[in-house]
Amino acid sequence: MAGPVKAAIQILPDLPSLSGAVARHIAERAAFAVKERGIFTLALSGGSTPRPMHEELASRFASSIPWEKVHIFWGDERYVSPEDAESNFRMARESLLERVPIPGENIHPMDTSAKDPRAAARAYQRELENFFPGPWPVLDLVVLGMGPDGHTASLFPGAETLQEQRRWVVPAQAPVEPRQRLTLTFPVLNRARWVDFMVSGRSKAAAVGRALDPGCDRRITPAGGIRPGSGNLLWWLDRAAAELLEPQA
Ligand code: 6PG
């Protein structure tokens with residue numbers, strides 16, 4: 001499915017400028033998608049890096065985004081209450097969703113209330129099946145982060161979930177608390193029209209180098225397995241995260 005994907009790399013001086021650049025790209029893609037198809041489907045990443053980018057979306061770019069036509073999903077979630085400080089939904093709610101006029105029914109969090117995460121994964125898959133026409137969900141844009149170990153979403157090095165080709169959403173185990181997660185799988189992530197990685201900090205520079213290596217082994221560096229068939233793959237990096245990359249011509 002995935003042909004040779006040439007990742008486009010954008011390097012910004014620091015996290016604030018990186019956040020503004022990614023927010024601008026999302027706003028541009030939202031305007032284009034709504035003009036083309038009347039809707040923009042966006043999957044957010046968790047972790048801490050996206051917070052300032054969300055704040056930019058909710059301030060500098062808020063008026064240029066047609067929020068009533070935007071639908072928000074998540075690439076992964078920690079299996080905690082939405083009120084928990086570790087919740088990706090809570091981070092997005094605080095930094096973005098409660099600050100913009102997006103209708104409540106346009107927000108599609110992963111429900112973590114079920115006792116069994118397998119049931120929760122199946123429930124989110126049903127939500128995606130009900131929302132997206134066709135055999136697979138095609139998200140307009142997926143924002144992804146990456147850990148220093150090269151994981152992305154909650155697809156961790158050496159995990160069984162890296163081989164998943166049938167299910168769209170699966171439970172996952174993280175090496176750090178909160179260990180129980182839910183994550184979209186490679187087949188879904190690689191069907192997105194656009195994938196924007198947003199990576200900041202020196203601690204990730206080695207994993208960036210591995211992920212961008214065409215011969216990357218995704219079992220070791222899962223982020224290297226993100227190769228959207230659309231070919232629209234952007235790596236947004238700050239200088240620290242890019243420090244091991246060859247200087248660009
Ligand atoms: C999560 C994320 C995860 C994150 C990386 C980077 O739920 O933690 O989806 O993939 O993007 O762990 O996290 P930081 O941005 O906090 O470094």
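Counting from 1, the numbers follow the sequence of the chain as shown.
- Between G147 and A207, the closest heavy-atom pair is O-CB, 4.0 Å.
- Between L189 atom CG and L144 atom CG the span is 5.5 Å, to the nearest 0.5 Å.
- Taking a cutoff of 4.0 Å between a charged side-chain nitrogen and a carboxylate oxygen, E94 and R51 qualify as a salt bridge.
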Test side chain to side chain contact (heavy atoms under 4.5 Å, CB included) on L12 and L237 and set out the steps.
CA-CA 6 Å; L12 286 298; L237 306 169; over 6 Å; no
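- Sorted by first and then second residue, the pairs that involve residues 233-243 and meet salt bridge (Lys or Arg N to Asp or Glu O under 4.0 Å), not counting sequence neighbours, are R202-E243.
- Between the N130 side chain and the R126 main chain, a donor and an acceptor come within less than 3.5 Å of each other.
- Here CG of N106 is found 7.5 Å from CD1 of I39. Values are rounded to the nearest 0.5 Å.
- Within the 3.5 Å criterion, the main-chain N or O of L182 finds no donor-acceptor partner in the side chain of E77.
- Within the model, atoms OG1 of T161 and CZ of F186 stand 8.0 Å from one another, a figure rounded to the nearest 0.5 Å.
- Judged as a salt bridge (Lys or Arg N to Asp or Glu O under 4.0 Å), the pairs with a partner in residues 17-40 (not counting sequence neighbours) are, in order, R37-D140.
- The closest side-chain donor-acceptor pair between N190 and R227, if any, does not fall under 3.5 angstrom.
- For the pair V195 and N232, the minimum side-chain heavy-atom distance is 4.5 Å or more.
- Side chain of R78 to main chain of E86: a donor-acceptor pair is present (N/O by atom type, distance under 3.5 Å, no hydrogens or angles).
- F156 and V80 fall into different hydrophobic clusters, where Ile, Leu, Val, Met, Phe, Trp and Tyr residues are linked whenever their side-chain heavy atoms come under 4.5 Å apart, directly or through other members.
- Put simply, the side chain of Q180 gets close to the backbone of A172: a donor and an acceptor are under 3.5 Å apart.
- With contacts defined as side-chain heavy-atom distances shorter than 4.5 Å, the pair H151/P157 qualifies.
- No continuous path of ILVMFWY side-chain contacts below 4.5 Å connects I72 to V138, so the two sit in separate hydrophobic clusters.
- Of all heavy-atom pairs spanning E55 and S59, the tightest one is O-OG, 2.6 Å.
- Residues satisfying the ring-ring contact (aromatic ring centres under 6.0 Å, His included) criterion with Y79, sequence neighbours excluded, are absent altogether.
- Both V34 and I102 are part of a single hydrophobic cluster, where members link through side-chain heavy atoms under 4.5 Å apart.
- Residues L57 and M91 do not share a hydrophobic cluster, clusters being chains of Ile/Leu/Val/Met/Phe/Trp/Tyr side chains in contact below 4.5 Å.
- We find the NZ-OG distance between K204 and S200 to be 7.0 Å, quoted to the nearest 0.5 Å.
- Applying the salt bridge (Lys or Arg N to Asp or Glu O under 4.0 Å) test to pairs two or more places apart or on separate chains, those with a residue in residues 95-114 are R93-E98.
- The 12-atom threshold is not exceeded at CZ of R219, counting heavy atoms of other residues, nucleotides or ligands nearer than 6.0 Å.
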Take D149 and T221 through the side chain to side chain contact (heavy atoms under 4.5 Å, CB included) test and state the conclusion after the steps.
CA-CA 7 Å; D149 63 354; T221 308; over 6 Å; no
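- With hydrogens and angles ignored, the 3.5 Å screen pairs a side-chain donor or acceptor of T185 with a backbone N or O of W168.
- Take F40 and apply the ring-ring contact (aromatic ring centres under 6.0 Å, His included) test, not counting sequence neighbours, and it matches no residue.
- Under a hydrophobic-cluster definition in which Ile, Leu, Val, Met, Phe, Trp and Tyr are linked whenever side-chain heavy atoms come within less than 4.5 Å, directly or via other members, L97 and M198 are assigned to the same cluster.
- Considering only heavy atoms from C-beta on, E56 stays 4.5 Å or farther from I26 through its side chain.
- Annotation: side chain of V143 is not in contact with side chain of F197 (no heavy-atom distance under 4.5 Å).
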Starting from the C-alpha separation in whole Å, work towards a yes-or-no answer on side chain to side chain contact (heavy atoms under 4.5 Å, CB included) for R193 and L139.
CA-CA 6 Å; R193 291 190 173 91; L139 287 151; over 6 Å; no
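- For the atom pair NE2 (H25) and CG (L234), the distance works out to 5.0 Å, reported to the nearest 0.5 Å.
- Under a cut-off of 6.0 angstrom, the local environment of CD in E177 is crowded, with over 12 non-hydrogen atoms contributed by other residues, nucleotides or ligands.
- Note: F73 and F131 have perpendicular aromatic rings, judged against thresholds of 30 and 60 degrees for the angle between ring planes.
- Proximity of a side-chain donor or acceptor of W235 to a complementary backbone N or O of A242 within less than 3.5 Å is not detected.
- For the residue pair L44 and A92, the shortest heavy atom distance occurs at CD1-CB, 3.8 Å.
- Heavy atoms only, all atoms of each residue included: W236 and A21 are closest at CZ3-CB, 3.6 Å.
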Going through the checks in order, is the side chain to side chain contact (heavy atoms under 4.5 Å, CB included) test met by I107 and H71?
CA-CA 6 Å; I107 300 170; H71 283 259; over 6 Å; no
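- D76 and T183 share no side-chain donor-acceptor pair at under 3.5 Å.
- Atom CZ in F89 sits 8.0 Å away from atom CD in E83 (nearest 0.5 Å).
- Heavy atoms only, all atoms of each residue included: G75 and A43 are closest at N-CB, 4.2 Å.
- Scanning both residues, S87 and S81, for their nearest heavy atoms gives CB-O, 3.5 Å.
- For the residue pair S17 / D14, a side-chain donor-acceptor distance below 3.5 Å is found, with atom types taken as modelled.
- Residues passing the ring-ring contact (aromatic ring centres under 6.0 Å, His included) test with F32: none are found, sequence neighbours excluded.
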Taking it one step at a time, do R167 and E164 satisfy salt bridge (charged side-chain N to carboxylate O under 4.0 Å, His left out)?
CA-CA 7 Å; R167 291 176 292 171; E164 182 62 47; 2.8 Å; yes
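- Side-chain atoms of Y124 never come within 3.5 Å of backbone atoms of L184 as a donor-acceptor pair (strictly under, hydrogens ignored).
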